[in-house]
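Step one of this worksheet: look at the structure below.
Hydrogens, waters and symmetry mates are skipped; everything else that's a heavy atom, side chains included, is used. Every value quoted in this text rests on a predicted model; they were computed, and no experiment measured them. In what follows, chains are A, B, ... by sequence order, proteins preceding strands, each numbered from 1.
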2 protein chains.
Amino acid sequence: MESRRATIKDVAEAAGVGVATVSRVLSGGSASPETRERVLAVAAHLDYRPSALGRNLRQRRTGGMGLFVPDLTDTFYGQLAEGVLACARSAGEPVVLGSTGDDPEQEAELVGMLLEQGVDRVIAVPSGGTDTWGPAIKAGMTVVFADRLPSDAPTDAGPGARLGSLSGSPSDEGSGAATVSDLMMLDGLPPASRARPLDVPAVLADDRAGIRTAVRYLRGLGHRRIAFLGGPGHGRRVAAFREAVGAPVDEDLVVFATGSRDSAYAAASGLFQSRPDLTAVVTGGNVLGEAAVLAARELDLRVPRDVSLVMYDDVPWAELCSPPLTVIAQPGRDMGYRAAELMLRAGSRRPRSVLLPTELIVRGSCGPRH
Amino acid sequence: MESRRATIKDVAEAAGVGVATVSRVLSGGSASPETRERVLAVAAHLDYRPSALGRNLRQRRTGGMGLFVPDLTDTFYGQLAEGVLACARSAGEPVVLGSTGDDPEQEAELVGMLLEQGVDRVIAVPSGGTDTWGPAIKAGMTVVFADRLPSDAPTDAGPGARLGSLSGSPSDEGSGAATVSDLMMLDGLPPASRARPLDVPAVLADDRAGIRTAVRYLRGLGHRRIAFLGGPGHGRRVAAFREAVGAPVDEDLVVFATGSRDSAYAAASGLFQSRPDLTAVVTGGNVLGEAAVLAARELDLRVPRDVSLVMYDDVPWAELCSPPLTVIAQPGRDMGYRAAELMLRAGSRRPRSVLLPTELIVRGSCGPRH
DNA sequence: CGATTCCATGGAAACGATTCCATCATGGTT
DNA sequence: AACCATGATGGAATCGTTTCCATGGAATCG
């Protein structure tokens with residue numbers, strides 16, 4: 001009793017028309033009212049649903065889009081993914097997911113798989129650099145970056161970058177308009193001094209403003225020895241940190257971990273032990289914030305009495321911590337949603353980049369210097 | 001300079017053979033050594049990669065699998081997804097992701113989309129019941145459930161269910177072997193008294209043992225009025241709770257929320273306010289645990305002094321809470337990995353279901369009754 | 001040595017859609 | 001009345017692969 005799906009041919013025969021006509025009716029082409037009606041009726045009766053397989057082959061491209069994130073266990077990327085999915089669903093497009101683990105090699109492999117599948121659009125939180133994404137783009141992919149730029153891209157949007165409006169509807173494209181190469185123009189260095197830029201739109205948070213606000217806030221509390229705890233992809237954030245702290249930067253206070261929780265913990269712990277004189281830490285992501293809290297507790301450092309903490313990303317559990325964590329919030333879901341929007345529009349208008357605002361949410365993890 | 005991808009025809013011509021031969025060589029069919037070598041060389045030189053589009057059309061099915069989770073913002077499902085992705089990657093299969101928001105309607109829509117795409121395998125944390133999944137299976141889909149069973153399935157694996165071994169390799173299939181209908185046999189009710197069962201393999205945690213352990217633990221601390229805070233899909237857990245508590249169950253102490261964080265908070269807050277006499281709460285998921293902590297704090301209930309708390313799911317932030325949360329841990333990543341394994345094996349052997357062990361991790365959120 | 005088997009091989013037919021193009025009818029214009 | 005523009009329509013080509021089948025040569029067996 002396993003009847004297979006009806007094909008366009010079945011519908012054509014049942015309706016007494018040619019397959020071309022059926023196709024036209026179903027995709028909005030011209031047809032006489034009575035034919036249209038009959039075809040529609042037959043199609044509905046046969047429960048006909050066009051096979052994406054046939055269509056894709058003919059059109060030499062699969063619908064849908066890829067989505068690459070470093071780690072779904074990181075709540076922020078979960079939020080971002082939800083945003084992408086929400087937008088994709090409203091457009092009826094499938095999303096094929098890849099988790100890169102912050103490994104450029106895995107990422108490249110995933111790109112290859114998408115290419116093979118005929119998926120030519122991808123939203124990526126990139127792990128690799130131009131050597132991964134250049135070829136992908138030359139192979140005909142439409143790429144939108146989210147949350148970060150490839151590691152060898154410029155690290156900051158520069159002083160001139162404007163904020164994307166957050167208040168407008170999600171589809172509001174108003175301000176915040178710049179491609180990656182536009183963004184590169186603004187950082188003061190002549191483009192020629194860099195590798196040829198990828199002309200790829202991106203949806204980023206205004207890390208620069210976020211970090212600056214956090215550092216100023218800590219400064220205002222009297223902190224002078226402020227550390228930065230970063231991870232992969234936090235290049236723009238650490239650059240902003242350096243700028244906000246101002247020269248000379250105490251390089252021992254800038255520490256990096258790889259993507260894993262273990263590494264994050266080790267980095268945090270190492271930082272606290274090697275520099276007991278630091279009084280405040282800014283972390284570049286929530287996994288690092290988690291690690292910092294854990295390491296501090298292990299070393300009997302009290303937050304915020306002994307060390308103040310500002311974490312990037314506002315995640316639900318930040319409020320549950322004790323003390324509740326002061327964070328730099330970035331709109332993860334929006335970021336995903338707008339990236340997907342950009343992707344879907346990519347055909348018509350030339351997509352522009354977006355810079356979303358961040359917000360310092362003061363809770364209880366920062367106090368005056370002691 | 002946009003050269004499109006080489007096709008099998010290009011390779012055939014360049015190698016001076018027919019397309020059939022190329023196809024055979026590339027898919028391991030028989031061919032003479034020298035032909036094979038030549039074809040392989042040409043293919044490599046042309047950077048040929050077979051298009052999944054053509055293959056899928058011919059074979060009337062897309063490779064890869066779907067993955068449906070209720071909410072990627074819930075860390076547990078992030079873990080589960082990572083597990084699925086890990087297994088899929090090792091098999092070179094794409095994963096198309098859907099987030100159902102615990103809404104059967106959205107879920108059904110997503111099933112339709114998969115069908116259209118020719119994806120005929122899906123791993124699902126189901127939101128809908130037999131009315132969604134029955135048709136999907138009849139349409140030829142291979143389905144594996146993870147974390148829960150459809151809402152109208154029996155709520156418990158029953159006393160006879162055995163644990164899947166966790167100690168073995170991930171591919172160890174050893175114990176824990178039962179299909180959903182097997183599991184249904186064990187709960188004491190004759191199968192005839194239920195709707196026709198879906199014969200679908202599932203990977204579940206041993207909720208029954210997990211909840212029982214937690215309740216016994218709380219009992220041991222002197223608690224008598226223990227509440228259960230559940231959400232969608234926690235049917236098996238609440239059933240286990242009822243069983244563990246034993247009749248008569250105080251129905252006011254069993255409260256349900258929908259999937260959203262707001263609803264979870266409202267339910268928790270309502271529970272605490274309506275029954276100030278309760279001394280302990282078990283939550284059916286981490287989002288509900290989060291809500292319980294928040295609601296307790298808002299109402300000036302101290303954990304564990306005023307109320308003890310056991311949360312389902314061990315998530316990284318459970319340890320960061322203050323006090324650190326006592327949890328029922330279930331192996332989210334393993335669950336995803338094994339579900340994907342089951343899916344991939346589905347062709348050969350008849351897939352069996354798996355019951356994974358849970359573990360009570362005692363931290364600081366439970367104390368003696370006051 | 002003839003017959004049978006076996007293997008490598010290439011041509012061609014699927015798979016299910018879109019889309020180009022030719023055909024035909026219709027109606028309006030010169 | 002001849003002609004042209006318009007619009008609906010169906011046939012057939014196409015996308016890139018797999019797979020069926022026929023062919024031909026070589027090798028094995030009787």
Side-chain angles (χ1 to χ4, degrees), chain A residues 3-40 42-43 46-64 92 94 113-120 139-140, chain B residues 3-40 42-43 46-64 92 113 115-120 139-140:
Chain A
S3 63
R4 81 185 183 300
R5 294 251 305 278
T7 75
I8 199 176
K9 210 170 163 185
D10 301 327
V11 177
E13 274 173 27
V17 298
V19 289
T21 304
V22 176
S23 174
R24 265 187 301 254
V25 167
L26 262 44
S27 50
S30 69
S32 76
E34 61 265 31
T35 307
R36 148 166 279 115
E37 196 185 353
R38 187 152 35 101
V39 169
L40 251 28
V42 170
L46 261 57
D47 191 31
Y48 168 71
R49 310 193 51 171
S51 152
L53 266 43
R55 173 184 7 232
N56 292 342
L57 176 58
R58 171 64 218 240
Q59 304 184 331
R60 275 125 139 249
R61 55 174 294 245
T62 303
M113 187 225 277
L114 284 196
L115 243 17
E116 198 161 313
Q117 297 291 327
V119 176
D120 61 355
Chain B
S3 61
R4 77 186 187 301
R5 294 254 304 280
T7 75
I8 199 175
K9 211 170 161 185
D10 300 327
V11 177
E13 275 174 26
V17 299
V19 291
T21 304
V22 176
S23 175
R24 266 186 301 254
V25 167
L26 263 42
S27 50
S30 68
S32 76
E34 59 265 32
T35 308
R36 150 166 277 113
E37 195 184 354
R38 188 151 36 98
V39 168
L40 251 27
V42 170
L46 261 55
D47 190 32
Y48 168 71
R49 308 193 54 170
S51 153
L53 265 41
R55 173 187 359 228
N56 291 344
L57 175 58
R58 171 64 218 236
Q59 303 183 334
R60 272 127 131 238
R61 56 174 296 246
T62 302
M113 188 224 278
L115 242 18
E116 197 162 314
Q117 297 292 326
V119 177
D120 60 355

- [ ] Remember a base hit wins even if backbone is also touched, and classify A:Ala31 as base, sugar-phosphate or nothing at under 4.0 Å, heavy atoms.
- [x] sugar-phosphate
Those residues at least two apart in sequence (or on a different chain) that pass side-chain contact (heavy atoms from CB on, under 4.5 Å) with A:Leu114 are A:Phe68, A:Val96, A:Val119, A:Val122, A:Met141
Encoded 5' to 3' (Watson-Crick or G-U under 3.5 Å; [ ] crossing; | other strand), DNA chain D becomes ||||||||||||||||||||||||||||||
For nucleotides 22-28 of chain C, 5' to 3', base contacts (B), sugar-phosphate-only contacts (S) and non-contacts (-) with protein non-hydrogen atoms under 4.0 Å give -------
Contacts of B:Glu34 and B:Arg60 projected onto DNA chain C by closest heavy atom; the upstream (5') one is B:Glu34
With a cut-off of 3.5 Å and sequence neighbours excluded, list every side-chain donor-acceptor pair involving residues 13-28 of chain B.
| residue | atom | partner | partner atom | Å |
| --- | --- | --- | --- | --- |
| B:Ser27 | OG | B:Ser23 | O | 2.6 |

Taken to the nearest whole Å, CD/B:Gln59 to C1'/C:dA13 is 16 Å
Exercise for review: Looking at every strand, decide which applies to A:Gly18 at a 4.0 Å heavy-atom threshold: base, sugar-phosphate, or nothing.
Suggested key: sugar-phosphate
In short, A:Arg5 meets A:Pro50 closest at the heavy-atom pair NH2-O, 4.0 Å
Check your understanding: How would you label the contact of A:Ser27 with the nucleic acid (heavy atoms, under 4.0 Å): base, sugar-phosphate, or nothing?
Key -> nothing
Minimal heavy-atom distance between B:Thr7 and B:Tyr48, with the atoms involved, is C-CE1, 3.5 Å
note: B:Arg58, atom CZ; C:dA17, atom P; distance rounded to Å ~ 16 Å
Practice item. Report which part of the nucleic acid B:Ser32 touches: base, sugar-phosphate, or nothing (heavy-atom distance under 4.0 Å, all strands). Key: sugar-phosphate
Chain A vs DNA chain D, heavy-atom contacts under 4.0 Å, first-to-last nucleotide span, 5' to 3', is D:dA8 to D:dG16
Between A:Asp120 and A:Thr62, the two heavy atoms sitting closest are OD1-O, 4.2 Å
Closest heavy-atom pair, B:Ala31 versus B:Arg36, reported as atoms and distance to 0.1 Å, is O-NH1, 3.7 Å
### Message
Regarding B:Leu53, tell me which of base, sugar-phosphate or nothing describes its non-hydrogen contacts under 4.0 Å with the strands shown.
### Response
nothing
Whole-Å distance, B:Asn56 CG to C:dA17 C1', equals 14 Å
Looking for any heavy atom pair under 4.0 Å, which part of the strands does B:Gly16 touch: base, sugar-phosphate only, or nothing?
sugar-phosphate
Residues pairing under side-chain hydrogen bond (donor to acceptor under 3.5 Å, both in side chains) where one sits in residues 50-60 of chain A, two or more places apart or in two chains, turn out to be none
Separation of C:dA17 atom P from A:Leu57 atom CG, nearest Å, is 12 Å
To the nearest 0.5 Å, atom OG1 of A:Thr35 lies from atom CG of A:Leu40 at 11.0 Å
Assign each of A:Val19 and A:Arg36 the nucleotide of DNA chain D bearing its closest heavy atom; nearer the 5' end lies the nucleotide of A:Arg36
When all nucleic acid strands are considered with a 4.0 Å heavy-atom cut-off, which category describes A:Ser51: base, sugar-phosphate, or nothing? sugar-phosphate
Between CZ of A:Arg49 and P of C:dG16 the distance, given in whole Å, is 16 Å
Between NZ of B:Lys9 and C1' of C:dG11 the distance, given in whole Å, is 12 Å
### Query
Is a donor on one side and an acceptor on the other found under 3.5 Å between the side chain of A:Arg49 and the backbone of B:Leu115?
no
